[in-house]
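Encoded as C-alpha cells, the structure appears first; notes follow it.
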Amino acid sequence: MQFSDIKKQEQQNMMPAYARFDIAIVEGNGVVAKDSEGKTYLDFTSGIGVNALGFCDASWIEAITKQASALQHVSNLYYQPVQTALAQRLCELSGFSKVFFGNSGAEANECAIKLARKYSTDQYGKKRNKIITLVNSFHGRTVTTLSATGQDSFHQYFYPFTEGFVYAQANDIKSVESFVGDETCAVLIEMIQGEGGVMPLDMQFVRELEALCQKHDILLIVDEVQTGMGRTGTLFCYEQYGIHPDVITLSKALGGGLPIGACLCTERLGTVLSSGMHGSTFGGNPIACAGALSILERVADSDFLKQVAEKGVYIQRKIADMEDVAEVRGMGMMIGIVLKNGTAKDVAVKCLEKGLLVLTAKTLIRLLPPLTITYEEIDRGLTILADVIKEVQA
C-alpha cells in the first residue's frame with residue numbers, strides 16, 4: 001500500500017487519538033527503520049523506549065518464535081513455566097520478592113496503587129489510602145493513573161477522576177512532608193520524569209524521601225516504566241540513587257516490543273494481594289514472557305550496562321557542544337535537549353525529512369536510542385540533528 005492509502009484507511013477507521021507524523025513504518029532492522037515508500041531512517045526513539053535491542057533482534061525473534069510454536073496463550077488458572085522463569089529472574093536481578101504481570105506500564109502502576117492501599121488498609125484501616133505523587137509526573141492513561149499523574153493538562157474531560165492523590169513539588173522534601181498525614185499510604189515517583197521533560201530527581205531529595213517513608217511506614221513506589229531495563233546505564237535507575245524502594249513498576253523495554261508490565265514488591269508485601277484481588281487475562285502471556293527473558297539475558301549483563309552508560313556520556317557531550325543547544329539532561333541513553341531558539345516539534349519534523357526519528361517531551365527534544373546502537377550510528381544521527389537544529393534556529 002502507498003502511504004496515502006494507509007493514511008486514508010487510518011482516518012476512516014480509527015479514532016483520532018494520535019498526532020502522527022506523515023510516515024508509515026513497515027520494516028525495521030537494528031537501528032534502521034523503513035517506511036512504506038522505501039525511505040530509511042535512523043531510529044533514536046526505540047518506539048518510545050520499548051525496542052531496547054533495536055528492531056527485530058535475532059535472539060529475541062528466536063525466543064518468541066520458539067514459544068509461539070509451543071504455546072501462545074493459556075489462562076492464569078494454570079501454571080506457566082516461562083512465566084515463573086521470568087518472575088524468578090526478575091527477583092534474582094532486582095532483590096525483590098514477588099512479581100505480578102500485566103500488559104502495560106499503566107497496568108503495572110494500577111497494581112502498585114492497589115497493593116499500597118491494600119497494605120495500609122490491612123495495617124491501619126481503610127482511611128489510610130492517599131498517595132503522594134510529584135508535580136510534572138506521568139504514570140499512565142487509565143482514569144486512575146491519569147489521577148496519579150501530576151500534570152493539570154491531563155486532568156480534563158474524564159471526570160470524575162479517581163480520588164486519593166495529592167501532588168508535591170519534586171526535589172522539595174518539605175513539600176512532600178506537608179502532605180504526609182494519617183491518611184498517607186504511599187509515595188509514587190519516577191527517578192527521571194520522562195514525559196514531563198526528562199527531569200532527573202536530585203540525589204539528596206530521593207534519599208530524604210526514602211527515610212521519610214520508612215519513618216512513617218509509607219510505601220515508596222518507583223515507576224521504572226521508562227527508566228528501567230538498562231535505559232539509564234544500570235538495570236534499574238533507582239540503583240544509581242543508593243535506595244531500595246518497596247515497589248517498582250516495569251514495562252516498555254521489558255518485552256522488547258510485546259506488551260508486558262510488571263509490578264515487583266519486597267518480601268513483606270508479597271502476600272498482600274491474595275487470590276481474586278487482582279488479575280489479568282493476558283498478563284504474563286507466554287510469548288511476551290519469552291521475549292522478556294531474552295531481553296533480560298542481554299541488558300542485565302554488566303558489560304552491556306557499562307557500554308550503555310558510556311554511550312550516554314558520549315551522546316550528551318556531543319550534544320552539549322552543539323552551538324544552538326542551551327542544556328542537555330538525563331542519564332545513560334535517556335536524554336533531553338533544551339534549545340536556545342526554535343521548537344522541538346519543528347526539529348522533530350525536519351529530522352524526519354532528513355532520515356532521523358526523534359521524540360519530544362514538552363518543549364524538549366527527547367532521545368531514547370536503542371541500547372545496541374553503534375558509535376558510527378550515533379555520529380550519523382547526531383550530525384543530522386546538529387544540522388537540523390542549526391537550520392531551525394536560523
* Flag the pair R268 / D246 as yes when at least one side-chain heavy-atom distance between them is below 4.5 Å, and no otherwise. => yes
* **More than 12 heavy atoms of other groups within 6.0 Å of E163 CD** => no
* What are the two closest non-hydrogen atoms of A168 and I132, and how far apart are they? -> CB-CG2, 3.9 Å
* Asked: Are D122 and K118 close enough for a salt bridge, meaning some N to O gap below 4.0 Å?
  -> yes
* To do: Please state whether the rings of H278 and F100 are parallel, tilted or perpendicular, taking 30° and 60° as the class boundaries.
  => tilted
* To the nearest 0.5 Å, how far apart are CG in L273 and SG in C263? -> 8.0 Å
* Answer yes or no: is there a donor N or O on one side and an acceptor on the other, between the side chain of Q240 and the main chain of T232, under 3.5 Å? => yes
* Between H244 and F96, how do the two ring planes meet: parallel, tilted or perpendicular, split at 30° and 60°? -> tilted
* CD1-NZ distance between I335 and K318, expressed to the nearest 0.5 angstrom -> 12.5 Å
* To do: Check the pair E177, K174 against side-chain contact (heavy atoms from CB on, under 4.5 Å), reporting the backbone distance first and the verdict last.
  => CA-CA 5 Å; E177 288 173 339; K174 292 190 180 300; 4.0 Å; yes
* Evaluate whether atom CD of E267 has more than 12 neighbouring non-hydrogen atoms of other residues, nucleotides or ligands under 6.0 angstrom away. => no
* **side-chain contact (heavy atoms from CB on, under 4.5 Å) evaluation trace for L357 with I23** => CA-CA 11 Å; L357 307 181; I23 60 169; 4.1 Å; yes
* Asked: L90, I64: one ILVMFWY side-chain cluster at the under-4.5 Å cut-off?
  -> yes
* Are the side chains of L219 and I131 in touch, meaning some heavy atoms are under 4.5 Å apart? -> no
* Asked: Are I173 and Y241 connected in a single hydrophobic cluster, I mean Ile/Leu/Val/Met/Phe/Trp/Tyr linked by side-chain heavy atoms less than 4.5 Å apart?
  -> yes
* For K340, does the NZ atom sit with more than 12 other heavy atoms under 6.0 Å from it, leaving out its own atoms? -> yes
* To do: Step by step, work out the side-chain contact (heavy atoms from CB on, under 4.5 Å) result for D22 and F3.
  => CA-CA 8 Å; D22 269 344; F3 172 69; 3.7 Å; yes
* Heavy-atom pair of closest approach, residues R366 and T360 -> NH2-O, 3.3 Å
* Between K127 and D182, is there a side-chain N and carboxylate O pair less than 4.0 Å apart? -> no
* Under a 4.5 Å side-chain heavy-atom rule over Ile, Leu, Val, Met, Phe, Trp and Tyr, are M333 and M199 clustered together? -> no
* Structure fact -> Smallest heavy-atom separation, F138 atom then Q151 atom, equals CB-NE2, 4.0 Å
* Within a radius of less than 6.0 Å around CD of Q123, do more than 12 heavy atoms belonging to other residues, nucleotides or ligands occur? -> yes
* Structure fact -> Here the gap from N171 atom CG to M203 atom CE, rounded to the nearest 0.5 Å, amounts to 11.5 Å
* To do: Return yes if some donor-acceptor pair links the side-chain N/O of R329 with the main-chain N/O of G336 below 3.5 Å, else return no.
  => no
* Distance (rounded to the nearest 0.5 Å) between I260 CD1 and Q83 CD -> 8.5 Å
* Asked: In terms of heavy-atom contacts, does CD of E62 have more than 12 from other residues, nucleotides or ligands at under 6.0 Å?
  -> no
* Looking only at heavy atoms, what is the nearest atom pair of G102 and E107, with distance? -> CA-OE1, 3.7 Å
* Asked: Given side chains that start at C-beta, do those of Q393 and E323 come closer than 4.5 Å, heavy atoms only?
  -> no
* **Flag, side chain of K114 to backbone of M277, donor-acceptor distance under 3.5 Å** => yes
* To do: Might you confirm whether atom CD of E297 has over 12 heavy atoms from other residues, nucleotides or ligands at distances under 6.0 Å?
  => no
* Where the side chain of S46 meets the backbone of P369, is there a donor-acceptor pair that is under 3.5 Å apart? -> yes
* To do: Mark yes when over 12 heavy atoms from residues, nucleotides or ligands other than K350 sit less than 6.0 Å from its NZ; otherwise mark no.
  => no
* Asked: Looking only at heavy atoms, what is the nearest atom pair of H139 and N109, with distance?
  -> O-ND2, 2.9 Å
* Asked: Under 4.5 Å between any side-chain heavy atoms of I319 and L382, yes or no?
  -> yes
* Between D217 and Y124, does any side-chain donor sit less than 3.5 Å from a side-chain acceptor? -> yes
* **Within-4.5 Å side-chain heavy-atom neighbours: I218 and R128** => yes
* Structure fact -> OG1 (T149) and CG (L134) are apart, to the nearest 0.5 Å, by 11.5 Å
* Asked: What residue among L209, I221, V176 forms side-chain contact (heavy atoms from CB on, under 4.5 Å) with I189?
  -> L209
* So do L254 and I295 actually touch side chain to side chain, heavy atoms under 4.5 Å? -> no
* Asked: Would the number of heavy atoms belonging to other residues, nucleotides or ligands and lying under 6.0 Å from NZ of K306 be above 12?
  -> no
* Note, R20 side chain near K7 side chain (heavy atom, < 4.5 Å) -> no
* Asked: Are the aromatic rings of Y167 and H155 close, with centres under 6.0 Å apart?
  -> yes
* To do: Ignoring hydrogens and angles, tell me if any N or O in the side chain of Q2 forms a donor-acceptor pair with the backbone of I6 under 3.5 Å.
  => no
* Of all heavy-atom pairs between G49 and L368, which one has the smallest distance, and what is that distance? -> N-CD1, 3.7 Å
* Asked: Relative to the ring of H73, is the ring of F282 parallel (under 30°), tilted (30 to 60°) or perpendicular (over 60°)?
  -> tilted
* Asked: Should the pair F158 and F161 be assigned to parallel (<30°), tilted (30 to 60°) or perpendicular (>60°) ring geometry?
  -> perpendicular
* Given the side-chain rings of Y159 and Y157, with only the six-membered ring counted for Trp, is the space between their centroids under 6.0 Å? -> no
* Criterion side-chain hydrogen bond (donor to acceptor under 3.5 Å, both in side chains) on E224 and T227, from CA distance to verdict -> CA-CA 5 Å; E224 291 261 11; T227 55; 2.6 Å; yes
* Should the pair R117 and F165 be classed as cation-pi, given the thresholds of under 6.0 Å to the six-membered ring centre and 45° from the axis? -> yes
* Is there a donor-acceptor pair under 3.5 Å between the side chain of N51 and the backbone N or O of P370? -> no
* Would you find a donor on one side and an acceptor on the other, under 3.5 Å apart, between the side chain of W60 and the backbone of G54? -> no
* Is the shortest heavy-atom distance from the side chain of I61 to the side chain of C56 under 4.5 Å? -> yes
* Asked: Hey, is the main chain of T271 close enough, under 3.5 Å, to the side chain of K98 for a donor-acceptor pair?
  -> no
* **Side-chain donor/acceptor of N136 to backbone N/O of G196, under 3.5 Å** => yes
* side-chain contact (heavy atoms from CB on, under 4.5 Å) partner of E110, chosen from V143, T145, L115 -> T145
* To do: Would you confirm whether T133, through its side chain, and A148, through its main-chain N or O, come within 3.5 Å as a donor-acceptor pair?
  => yes
* Quick one: which of I337, V338, L385 gives a side-chain contact (heavy atoms from CB on, under 4.5 Å) with V325? -> I337
* Indicate if V135 and M191 have the same hydrophobic cluster label, given that clusters are the connected sets of ILVMFWY residues with side-chain heavy-atom separations under 4.5 angstrom. => no
* Asked: Under a single-linkage definition using a 4.5 Å side-chain heavy-atom cutoff for Ile, Leu, Val, Met, Phe, Trp and Tyr, are V180 and F205 assigned to the same hydrophobic cluster?
  -> yes
* Structure fact -> Here the gap from S4 atom OG to Q9 atom CD, rounded to the nearest 0.5 Å, amounts to 11.0 Å
